[in-house]
Number of protein chains: 2
Amino acid sequence: MAKTRPTLKDIAAALNLSHPTVSRALADHKGISPETKARVRQTAERLGYVANSSARMLRQGQSSVIGLLLPDMTNEFYAAIAQRVADDCSAQNRQLVLSISAGDSERELSLVRALLEARPSCVIAALTEKPKPETIAYLRNAYCVQIMYPHDELDGPVVTVEDSSGARIAIEHLVKLGHERIGFVGPSAEFALGEARLRGLRQAMRAAGLSVEEHYTRLGPSDAAFGYEATQALLALRCPPTAIYLSTAPLSLGGAFALNARQAKVPGDVSVVVAGGADWHAIWPGGLTSVTLPITELADTASNLAFQAGRKSRAKGHRSVCLPFELHECASTGPPAQRRG
Amino acid sequence: MAKTRPTLKDIAAALNLSHPTVSRALADHKGISPETKARVRQTAERLGYVANSSARMLRQGQSSVIGLLLPDMTNEFYAAIAQRVADDCSAQNRQLVLSISAGDSERELSLVRALLEARPSCVIAALTEKPKPETIAYLRNAYCVQIMYPHDELDGPVVTVEDSSGARIAIEHLVKLGHERIGFVGPSAEFALGEARLRGLRQAMRAAGLSVEEHYTRLGPSDAAFGYEATQALLALRCPPTAIYLSTAPLSLGGAFALNARQAKVPGDVSVVVAGGADWHAIWPGGLTSVTLPITELADTASNLAFQAGRKSRAKGHRSVCLPFELHECASTGPPAQRRG
DNA sequence: ATGAAAGCGCTAACAA
DNA sequence: TTGTTAGCGCTTTCAT
């Protein structure tokens, strides 16, 4: 049976003190004799006293809860965000309340409602694509840091990733190495994210003075099977690209299988830039050059904004941060092979 | 500014009612006129009323919080557990407070302490290998469901996975198909999990009347690089195994790369059983035969035990559940090729 | 240096 | 059907 835990009064009774004195002793207030503090702490320890955050919250009018609303934990990206935010919270003695919307705006509404019952000092939210108006209304009366794809009718701090920068960084890197025939495997515009990434590709290619060739650009669902198939197709072309950019993590894995199956020399036959950092990159000696989401920085930025809730500083215009992707140069990219003839 | 939200009194004042009446109306108690209920609900809606769970908890002496303590969210297995438990919680209108110990028992202690401040009705915990005695002491006075690798000094419900069953199921499946030369790639006993899985292999082989051949058994770190290397080595043997069991998810991925690189026909040249379910299995037409952790069942079992907290039913001896792995037959396993000569 | 009293928002017992 | 009262555990005045 989960026995009811001891309260301040229990400690007070054990020491013939009043419970406010015990409270002040534990909070290390000045004006309590060191000796009393020591006795109180000792007794608290002995009784297994743990403060009741509900009572504290009720009294103080503010809780130590940070709400985190994410669409999906099976996505390694969001899982990494959750991990980092959890780390940040524990470092600041904050409670993390986690809600998973599964991309369902109806569910998101009920989760937000439930979350607000805990009166979180801040909600860090990656909202669904089309949140219900009620959800926005609820969040408007709370302090909310939006991440990833912000809903613009909700003001407050926003931490996003500059979506087009992934392609730009990858392409710039390849162009600098001398590549001109660059293959691109990405999510098609019908799927989430597709459009922005494709736009990034076009911008980067234009900036490099290259044109986006139809047959070098393979768009489809962002899964390993398509990455495999599309990369196979690119490698099988009569005049294959000298470099390939695989623009999402699942596509990268599929693409890696394709390279492997063809026993393509990397970067001898073809240079490769993949998306995301993963364990299996180590299979290639020297690793794979990759473009990654700035997960740690994103999570830390959001956490810090969250922890500022309640301070005056945030009254001055909501800070918005837009982080670029990061390039990690490894052994899978190099100059293109000399053309024959 | 996160304005202070309206309270029951605000609603009561707006309608010339007493706040307990409003409370009962919102809780749909009988003995309140339907008309009043309607008016109250409407006004609550209009004012954006959201209950204060701290006040409710303080009054009722029990919260709707479920604590979830996990070692690592970047591990896809734990991420999937978190996802499912979060789903279960939202279905039951419970709050999920997440804590990540990172395998650090010191940190685990401070997280448990912080968690208990919220007076969770239950803590679902995958404890570190050697929890601090204080951690155990704290949890002893709470209702705690342990998952995965339980600490036996802490009583209460336990939900585990029958570690040796993965190998048993895989081997039995292969033996039934007629295989005798079976390769095994697994985590060595020095690494966590290693021992139990290896024991599972030995049991299964013995049960099948087969002996564990030294050169068919490759043990090392549970990562893709080792899986790749070990599988390559198995395939390169003069007399290679006719089937291979890759016993963890990262090893499976590495092994898949090796099969691919050698252009091994699966299951023609070699049958393969992998561990875990993943997107990339779809690259093989018909998929890969796999042995998976019963993630959903494990999470649901833990959640249900958690939701029972406070009921009398749990007084009767702590229910312990030990779930077996699951076999998913796909196209990567078949009878061994005919021996030559 | 310590105690007494009040009140945060809610619900449950009792009264009307 | 509704109102009154009390109290959960804590912190914060204010008094001693």
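By convention in this document, chain letters (A, B, ...) are assigned in the order of the sequence lines, proteins followed by strands, and residues within each chain are numbered from 1.
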Distance, nearest 0.5 Å, that separates OG of A:Ser320 from CG of A:Asp155: 10.0 Å
Spacing between A:Lys37 atom NZ and C:dA1 atom C1', to the nearest angstrom: 11 Å
Divergence of helical axes at both termini of the helix from C:dA1-D:dT16 to C:dA16-D:dT1 - five pairs an end, 10° steps: 40°
The single option from B:Val321, B:Val85, B:Leu305, B:Leu70 passing side chain to side chain contact (heavy atoms under 4.5 Å, CB included) against B:Ile147: B:Leu70
Exercise: do B:Glu108 and B:Thr135 side chains pair donor with acceptor under 3.5 Å: no
Reading 5' to 3' through nucleotides 9-16 of chain D, protein heavy-atom contacts under 4.0 Å coded B for base, S for sugar-phosphate only, - for none: BBBBB---
Touch class at under 4.0 angstrom, heavy-atom based, for B:Ser33 against every strand present: sugar-phosphate
D:dT4 OP1/OP2 closer than 4.0 Å to side-chain N/O of B:Ser18: no
Atom-pair distance (CD on B:Gln62; P on D:dG7), nearest Å: 21 Å
salt_bridge(A:Arg107, B:Asp87) N-O dist < 4.0 Å: yes
Side chains of A:Thr43 and A:Tyr49 in contact at under 4.5 Å (non-hydrogen atoms): no
Side chain to side chain, A:Ile66 and A:Leu68, heavy atoms closer than 4.5 Å: no
Sugar-phosphate, base or nothing in reach of A:Gly31, heavy atoms under 4.0 Å: base
Sub-4.5 Å side-chain heavy-atom contact between A:Ile124 and A:Gln146: no
B:Leu15 side, atom CG; B:Leu17 side, atom CG - distance, nearest 0.5 Å: 5.5 Å
Sugar-phosphate only, base, or nothing, as touched by A:Asp10 at under 4.0 Å among non-hydrogen atoms: nothing
Separation of atom CZ in B:Arg39 from atom C1' in D:dT1, rounded to whole Å: 13 Å
